[in-house]
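Data first, discussion second: the structure below is written as structure tokens.
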Amino acid sequence: MSSSFDALPFRPADILLPQDCDLSRWSVVACDQYTSQPEYWQRVEEYVGLSPSSLRLILPESCLDGPSVETDIMEVNNTMTRYLRSGVFRTLPQALIYVERTLHSGKVRRGVVGMIDLEQYDYEPGSPALIRATEGTVLSRIPPRVAVRKNAPIELPHVMLLCDDREQTVIEPLAGAKGTMEPLYDFELMEQGGHLRGWLLGEKEQERLAAALSALADPAAFHAKYATGGQAVMLFAVGDGNHSLATAKECYERQKRLTSPEQWPNLKARYALVELVNLHDASLEFEPIHRVVFGVDPEELLAALLRYYPGAHMGPGEGHSLSFVHQNGAGVVTVPSPTHQLPVGTLQAFLDEYVLSQNCSVDYIHGDDVTRELGAKRGNIGFLLPAMGKEELFPTVIHDGVLPRKTFSMGEAHDKRFYLEARKIR
């Protein structure tokens with residue numbers, strides 16, 4: 001690896017790419033999508049069939065509470081080992097991959113696949129780490145994911161890391177260098193996923209990228225940009241995959257407890273594969289993540305919401321407006337003089353307590369139409385939330401700490417990262 005990356009938390013990796021297979025069947029969407037739509041995963045299952053596929057190397061989040069989860073995890077790990085032994089992968093040593101993803105809308109999202117040093121990442125609120133979480137981490141969601149990862153020989157990333165590069169100095173120049181880089185893949189993604197192309201960065205492109213990241217990480221430039229008054233530099237924010245990266249961190253910390261400190265730099269688990277994307281990429285749009293509550297009487301829940309916030313009332317007004325839909329109609333609850341910065345924080349504070357006291361559950365839904373459809377079913381209620389401006393992300397995390405969990409999503413579910421690249425972690 002070039003010494004240019006020594007001081008950076010993002011660097012080249014030994015990347016595994018599938019070979020001699022149909023990549024359209026290999027590549028499937030992030031495992032935390034379509035959790036309330038099992039028909040989606042059934043269609044994927046039918047499309048993949050017996051072909052080699054990343055579908056066999058992941059466990060959709062909807063299966064984590066299934067009756068056969070332990071058997072499912074064992075099968076995933078066995079398939080990883082079988083794919084490694086049978087030559088399904090080829091290795092790109094010390095590689096960075098420039099990616100262009102043409103979304104279903106026609107817009108192109110650009111990124112670079114590499115690995116991060118988990119020693120320089122922390123999901124705790126108020127952390128001074130170079131890589132920080134953007135939302136509150138739900139600790140109860142980590143153990144099931146650790147169960148999937150702890151014995152896995154490889155990882156497949158759906159983490160998207162963001163840099164605040166308004167001047168477009170890091171990733172965008174690679175678009176002009178495609179003619180000098182080796183093409184790696186070019187194929188259609190399933191289920192309205194769009195099109196994916198990738199190129200291998202050469203030594204010159206790697207050096208240029210490292211220099212651009214080093215400039216972003218310069219403390220003087222950082223303090224001037226965010227008026228931080230000497231706070232620790234935050235170079236990257238986790239855009240998608242907060243809990244996936246927190247799981248990788250936990251697995252690494254477990255290995256550290258079993259090894260001597262001098263071995264830590266060489267632990268494969270110390271690193272995690274991610275895709276780096278510029279927050280200011282023109283294709284990147286922040287979408288709200290809505291809530292659907294299952295197994296409730298909607299009217300009783302709304303009455304509880306009004307009691308929870310004294311002064312809250314039905315109908316529009318000044319304050320945070322919480323739009324809802326259920327079987328008998330739709331409306332708005334307004335919470336005046338809110339103490340939370342964002343409407344999602346106002347709603348989530350109530351839901352966290354309500355779910356603990358009731359026999360019900362909450363799911364986090366991408367897309368207005370799906371939320372309305374699920375919310376309108378008997379025994380459900382859906383809440384539709386506004387989107388936050390993406391320019392608010394870095395200043396908010398730097399000055400105020402993490403956002404409420406599931407505050408935003410980077411695009412619709414079919415625009416989420418699809419699995420393709422892999423990396424050995426054992």
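- With a 4.5 Å cut-off on side-chain heavy atoms, Leu200 and Met181 do not count as touching.
- With respect to the salt-bridge test (charged N to carboxylate O, under 4.0 angstrom), the residues Glu135 and Lys406 do not qualify.
- Nearest heavy atoms, Pro343 versus Leu322: O-CD2, 3.8 Å.
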Taking it one step at a time, do Ser337 and Glu318 satisfy side chain to side chain donor-acceptor pair (under 3.5 Å)? CA-CA 8 Å; Ser337 304; Glu318 293 294 324; over 6 Å; no

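- Checked by atom type, the side-chain pair Asp415/His104 shows no donor-acceptor distance below 3.5 Å.
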Candidate pair Thr346 and His340, rule side chain to side chain donor-acceptor pair (under 3.5 Å), full reasoning: CA-CA 6 Å; Thr346 296; His340 296 272; 5.3 Å; no

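- Using modelled atom types, one finds no donor on one side chain facing an acceptor on the other under 3.5 Å when comparing Asp32 with Tyr364.
- Note on ring orientation: taking the six-membered ring where Trp is involved, the planes of Trp41 and Tyr34 are perpendicular (angle over 60°, cut-offs 30° and 60°).
- Side-chain contact annotation: Gln348 with Arg291, donor-acceptor N/O pair under 3.5 Å present.
- Nearest heavy-atom pair across Ile97 and Glu421 is CD1-CG, 3.9 Å.
- With a 6.0 Å radius and a threshold of 12 heavy atoms from other residues, nucleotides or ligands, Glu39 has its CD atom above the threshold.
- Within the 3.5 Å criterion, the main-chain N or O of Val159 finds no donor-acceptor partner in the side chain of Asp240.
- A salt bridge links Glu285 with Lys107: the distance from a Lys NZ or Arg NE/NH1/NH2 to an Asp or Glu carboxylate oxygen falls below 4.0 Å.
- Between Trp26 and Phe418, the ring centre distance reaches or exceeds 6.0 Å.
- Between Glu61 and the options His243, Arg145, Gln33, a side chain to side chain donor-acceptor pair (under 3.5 Å) holds for only Arg145.
- The shortest heavy-atom contact between Pro93 and Asp14 is CA-OD1, 3.3 Å.
- Checked by atom type and distance alone, the side chain of His399 pairs as donor or acceptor with a backbone atom of Tyr226 at under 3.5 Å.
- Rounded to the nearest 0.5 angstrom, Leu342 CG and Leu385 CG are separated by 10.0 Å.
- Taking a 6.0 Å sphere around NZ of Lys424, one finds it holds 12 or fewer heavy atoms contributed by other residues, nucleotides or ligands.
- A salt bridge links Lys256 with Glu253; the closest basic N to acidic carboxylate O contact falls under 4.0 Å.
- When all heavy atoms of Val146 and Thr247 are compared, the pair lying nearest together is N-CG2, 3.5 Å.
- The neighbour count for Glu46 CD, taken as heavy atoms of other residues, nucleotides or ligands under 6.0 Å away, is above 12.
- No more than 12 heavy atoms of other residues, nucleotides or ligands shown are found within 6.0 angstrom of CD on Glu167.
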Given Arg149 and Glu155, is the salt bridge (Lys or Arg N to Asp or Glu O under 4.0 Å) satisfied, shown in steps? CA-CA 8 Å; Arg149 185 182 177 96; Glu155 64 171 352; 2.8 Å; yes

Salt bridge (Lys or Arg N to Asp or Glu O under 4.0 Å) between Arg270 and Asp117, worked out: CA-CA 6 Å; Arg270 175 171 173 157; Asp117 183 356; 2.9 Å; yes

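- The cationic group of Arg132 does not satisfy the cation-pi geometry with Tyr123, failing either the under 6.0 Å distance to the six-membered ring centre or the 45° limit from the ring axis.
- Using modelled atom types and a 3.5 Å distance limit, the side chains of Glu119 and Tyr252 yield a donor-acceptor pair.
- Atom CG of Asn380 sits about 11.0 Å away from atom CG of Leu301, to the nearest 0.5 Å.
- The line from CG of Leu184 to CD1 of Ile15 is 8.5 Å long, rounded to the nearest 0.5 Å.
- Between Ile131 and Leu235 there is no side-chain heavy-atom pair separated by less than 4.5 Å.
- Annotation: Arg166, atom CZ; neighbour count of heavy atoms from other residues, nucleotides and ligands within 6.0 Å does not exceed 12.
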I'd like to know whether Glu45 forms a salt bridge (Lys or Arg N to Asp or Glu O under 4.0 Å) with Arg56, so could you lay out the CA-CA distance, the side-chain angles of the two residues, the decisive distance to 0.1 Å, and finally the verdict. CA-CA 10 Å; Glu45 178 71 41; Arg56 310 302 174 204; 2.9 Å; yes

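- Using a 4.5 Å heavy-atom threshold, the side chains of Thr180 and Glu205 count as touching.
- Taken to the nearest 0.5 Å, the CG atom of Asn77 stands 12.0 Å off from the CZ atom of Arg82.
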Please evaluate residues Ser260 and Glu262 with respect to the criterion side chain to side chain donor-acceptor pair (under 3.5 Å), reporting the C-alpha separation (whole Å), side-chain torsions for both, the decisive distance (0.1 Å), and the verdict. CA-CA 6 Å; Ser260 58; Glu262 59 267 20; 3.1 Å; yes

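- Within the 4.5 Å cutoff, side-chain heavy atoms of Ile398 are placed close to those of Phe222.
- Side-chain polar atoms of Glu188 and Ser24 form no donor-acceptor pair below 3.5 angstrom.
- Between Leu23 and Leu420, some side-chain heavy-atom pair lies under the 4.5 Å cut-off.
- Phe10 and Phe236 have perpendicular rings, their planes meeting at more than 60° on a 0 to 90° scale where under 30° would count as parallel.
- Taking the side chain as every heavy atom from C-beta outward, Gln19 and Phe89 never approach each other to under 4.5 Å.
- Atom CG of Leu384 sits about 11.0 Å away from atom CZ of Phe324, to the nearest 0.5 Å.
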Quick one: do Met160 and Val238 satisfy side-chain contact (heavy atoms from CB on, under 4.5 Å)? Show the steps, please. CA-CA 6 Å; Met160 288 179 61; Val238 183; over 6 Å; no

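- Counting heavy atoms from C-beta on, the side chains of Asp368 and Thr371 never come closer than 4.5 Å.
- With rounding to the nearest 0.5 angstrom, the CD1 atom of Ile365 is 13.5 Å from the CZ atom of Arg372.
- A heavy-atom distance below 4.5 Å is found between the side chains of Pro12 and Phe5.
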Step by step, would you call His158 with Tyr419 a ring pair (Phe, Tyr, Trp, His ring centres under 6.0 Å)? CA-CA 6 Å; His158 71 259; Tyr419 299 110; 5.8 Å; yes

Evaluate Thr334 against Val332 for side-chain contact (heavy atoms from CB on, under 4.5 Å), listing each step before the verdict. CA-CA 6 Å; Thr334 296; Val332 174; 4.0 Å; yes

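- In this structure, Lys178 pairs ionically with Glu100, as a charged nitrogen and a carboxylate oxygen lie closer than 4.0 Å.
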Could you go through Asn278 and Gln168, starting from their C-alpha distance and side-chain angles, then the distance that decides it, and tell me whether this counts as side chain to side chain donor-acceptor pair (under 3.5 Å)? CA-CA 8 Å; Asn278 184 6; Gln168 300 188 335; 5.8 Å; no

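- Judged purely by atom type and a 3.5 angstrom limit, Gln231 has no side-chain atom pairing as donor or acceptor with the backbone of Pro128.
- Closest approach of Tyr271 to Pro265, counting heavy atoms only: OH-O, 3.6 Å.
- Applying the side chain to side chain donor-acceptor pair (under 3.5 Å) test between Glu275 and each of Arg109, Arg101, Arg417 identifies Arg417 as the sole match.
- Taking every heavy atom of both residues into account, Val170 and Asp165 meet most closely at N-OD2, 2.8 Å.
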